**Student:** 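Following this message is one structure expressed as structure tokens.
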There are 2 protein chains.
Amino acid sequence: MFDEIFKNTGNTKSFSKGAILQSAGQKLAKAFYVKKGLLKSYIVDEKGKEHIFMFASEGWIVSDIESQAFNNETVLFIEAIENSEVVLVDVSDFSQSEKNQKEFKLILEALTKRMGVMQRRILSLMSASARERYEYFLQTYPELPNRVPQKMIASYLGITPEALSTIRNKITKRH
Amino acid sequence: MFDEIFKNTGNTKSFSKGAILQSAGQKLAKAFYVKKGLLKSYIVDEKGKEHIFMFASEGWIVSDIESQAFNNETVLFIEAIENSEVVLVDVSDFSQSEKNQKEFKLILEALTKRMGVMQRRILSLMSASARERYEYFLQTYPELPNRVPQKMIASYLGITPEALSTIRNKITKRH
DNA sequence: CTTATTTCTTAATCTAGATTAATGTTTAAA
DNA sequence: TTTAAACATTAATCTAGATTAAGAAATAAG
């Protein structure tokens with residue numbers, strides 16, 4: 001989506017697996033365009049449990065949108081799951097620079113798609129079982145299970161690794 | 001947010017309480033700007049249970065973003081909770097018409113805020129208890145409880161009316 | 001390689017919230 | 001107004017998924 005805009009930007013940084021690009025509690029939320037590799041964004045709750053908001057592989061942008069929209073301190077951590085190459089995106093660029101109609105349309109389309117995905121996620125968290133959410137996840141992101149440990153998938157789905165393991169067991173045993 | 005853009009548009013329609021402005025299964029998703037009154041958007045699951053995606057009061061826009069973004073049939077119903085005056089928004093207008101920088105910025109800002117709200121909703125559905133979600137709802141939308149029956153609030157929170165009733169009982173009894 | 005660490009599985013137990021059901025209350029209709 | 005319909009409460013029971021715990025498998029590190 002944003003490929004054309006960010007692919008050839010100079011300010012690319014490399015982060016190795018496990019590196020934390022952004023922590024909760026920071027004043028300024030940053031946005032990251034992933035050229036290569038894989039990131040995750042997540043919150044850590046009072047009990048120290050991690051809840052993954054999203055994965056971002058090649059071509060995606062991650063940021064703490066809530067913090068950005070309302071100028072709050074960040075709530076999300078952003079971390080490299082694989083060694084990654086990332087472009088730091090200045091968000092104000094988006095709205096302040098002179099964008100032409102074409103770019104404007106592209107950005108709107110990308111944002112609309114992102115919102116569509118979020119709508120679906122909200123509705124399925126409210127109405128679907130853990131198993132249904134997992135099966136939808138597999139359909140929608142078939143590459144991710146090869147790149148991401150199960151416990152992170154569980155965290156994305158809003159369940160425990162134990163529960164996911166049980167679900168997988170039931171699915172393979174065909175009932 | 002979109003007040004300036006839509007407030008004085010001519011094509012305002014009136015819908016009385018209970019009217020359905022859009023059903024699931026339609027080819028073309030519409031967007032509605034609320035000038036007056038209150039709408040809700042929701043899905044109906046296989047068991048016939050209703051799950052509210054959002055409320056839209058004065059100044060808000062509702063639409064089935066998922067269907068819009070991916071050109072799928074609509075999944076959301078949109079219904080008037082109160083007698084309402086609504087402007088039918090042509091979504092392609094947004095991206096196709098000649099918008100100036102200022103309007104562009106306004107639209108981006110509004111979309112970012114909407115996404116921020118959605119991010120928060122996803123994270124709290126994954127990590128917060130029903131009671132915490134209810135208390136956050138009261139803080140964030142203090143006017144709504146006066147305009148909306150409890151069962152709809154429960155539906156928005158992703159719980160049953162019975163569970164919400166129990167939570168309210170516990171809160172007032174100060175433990 | 002060998003050992004340590006992280007991840008995954010399995011099973012027993014527990015709990016938040018669902019379901020069911022009955023009663024009370026408010027709203028709307030006749 | 002009376003009567004019906006929609007909404008809210010309370011309580012008993014049930015269940016999906018959490019928690020706890022322990023062992024097995026896979027990865028990483030020395």
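Protein chains get the first letters and strands the later ones, always in sequence-line order, with residue 1 at the start of each. This structure is a prediction, so every number in the text was calculated from the model and none was measured.
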**Student:** Any side-chain N or O of A:Arg168 less than 4.0 Å from the OP1 or OP2 oxygen of C:dC8?
**Tutor:**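 Indeed not, no polar side-chain atom of A:Arg168 lies that close.
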**Student:** Roughly how many Å is it from NZ in B:Lys151 to P in C:dT27, rounded to a whole number?
**Tutor:**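 The distance from NZ of B:Lys151 to P of C:dT27 comes to 14 Å, rounded to the nearest Å.
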**Student:** D:dT10, OP1 or OP2 - any side-chain N/O from B:Asn169 closer than 4.0 Å?
**Tutor:**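 Indeed, a polar side-chain atom of B:Asn169 lies that close.
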**Student:** Against A:Gln119, only a single residue in B:Gln68, B:Met118, B:Met54 fulfils side chain to side chain contact (heavy atoms under 4.5 Å, CB included); can you say which?
**Tutor:**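 Testing A:Gln119 for a side chain to side chain contact (heavy atoms under 4.5 Å, CB included) against B:Gln68, B:Met118, B:Met54 leaves exactly one candidate, B:Met118.
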**Student:** Quickly work out the B:Leu157 CG to C:dA16 P distance and round it to whole Å.
**Tutor:**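 So the CG-P distance, B:Leu157 to C:dA16, works out to 17 Å.
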**Student:** Quick one, give me the B/S/- string for nucleotides 17-30 of chain D, reading 5' to 3', where B means a protein heavy atom under 4.0 Å from the base and S means that only happens at the primed atoms, P, OP1 or OP2.
**Tutor:** SSBBB------S--
**Student:** What is the distance, rounded to the nearest whole Å, between atom CE of B:Met126 and atom P of D:dA16?
**Tutor:**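 About 22 Å, once rounded to whole Å.
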**Student:** With a cut-off of under 6.0 Å to the ring centre and 45° to the axis, is B:Arg147 in cation-pi contact with B:Tyr141?
**Tutor:**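 That pair does not qualify as a cation-pi contact.
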**Student:** Could you walk me through whether B:Lys27 and B:Glu73 satisfy the salt bridge (Lys or Arg N to Asp or Glu O under 4.0 Å) test, starting with their C-alpha distance in whole Å, then the side-chain angles of each, then the deciding distance to 0.1 Å, before giving a yes or no?
**Tutor:** CA-CA 5 Å; B:Lys27 305 273 181 196; B:Glu73 282 193 355; 3.6 Å; yes
**Student:** Flag this pair as yes if the NZ/CZ of A:Arg120 is under 6.0 angstrom from the six-membered ring centre of A:Tyr136 and inside a 45 degree cone about the axis; otherwise no.
**Tutor:**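 Satisfied, under 6.0 Å and within 45°.
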**Student:** Is there a donor-acceptor pair closer than 3.5 Å between any side-chain N or O of A:Thr12 and the backbone N or O of A:Glu85?
**Tutor:**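 No, because the side chain of A:Thr12 does not come within donor-acceptor range (under 3.5 Å) of the backbone of A:Glu85.
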**Student:** Kindly say whether A:Leu76 contributes a backbone atom to a donor-acceptor pair with the side chain of A:Asp64 at under 3.5 angstrom?
**Tutor:**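 Looks like yes, one N/O pair under 3.5 Å.
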**Student:** For the side chain of B:Pro149, starting at C-beta, report the closest nucleotide among D:dA8, C:dT7, D:dT10.
**Tutor:**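 Within the option list, the nearest is D:dA8.
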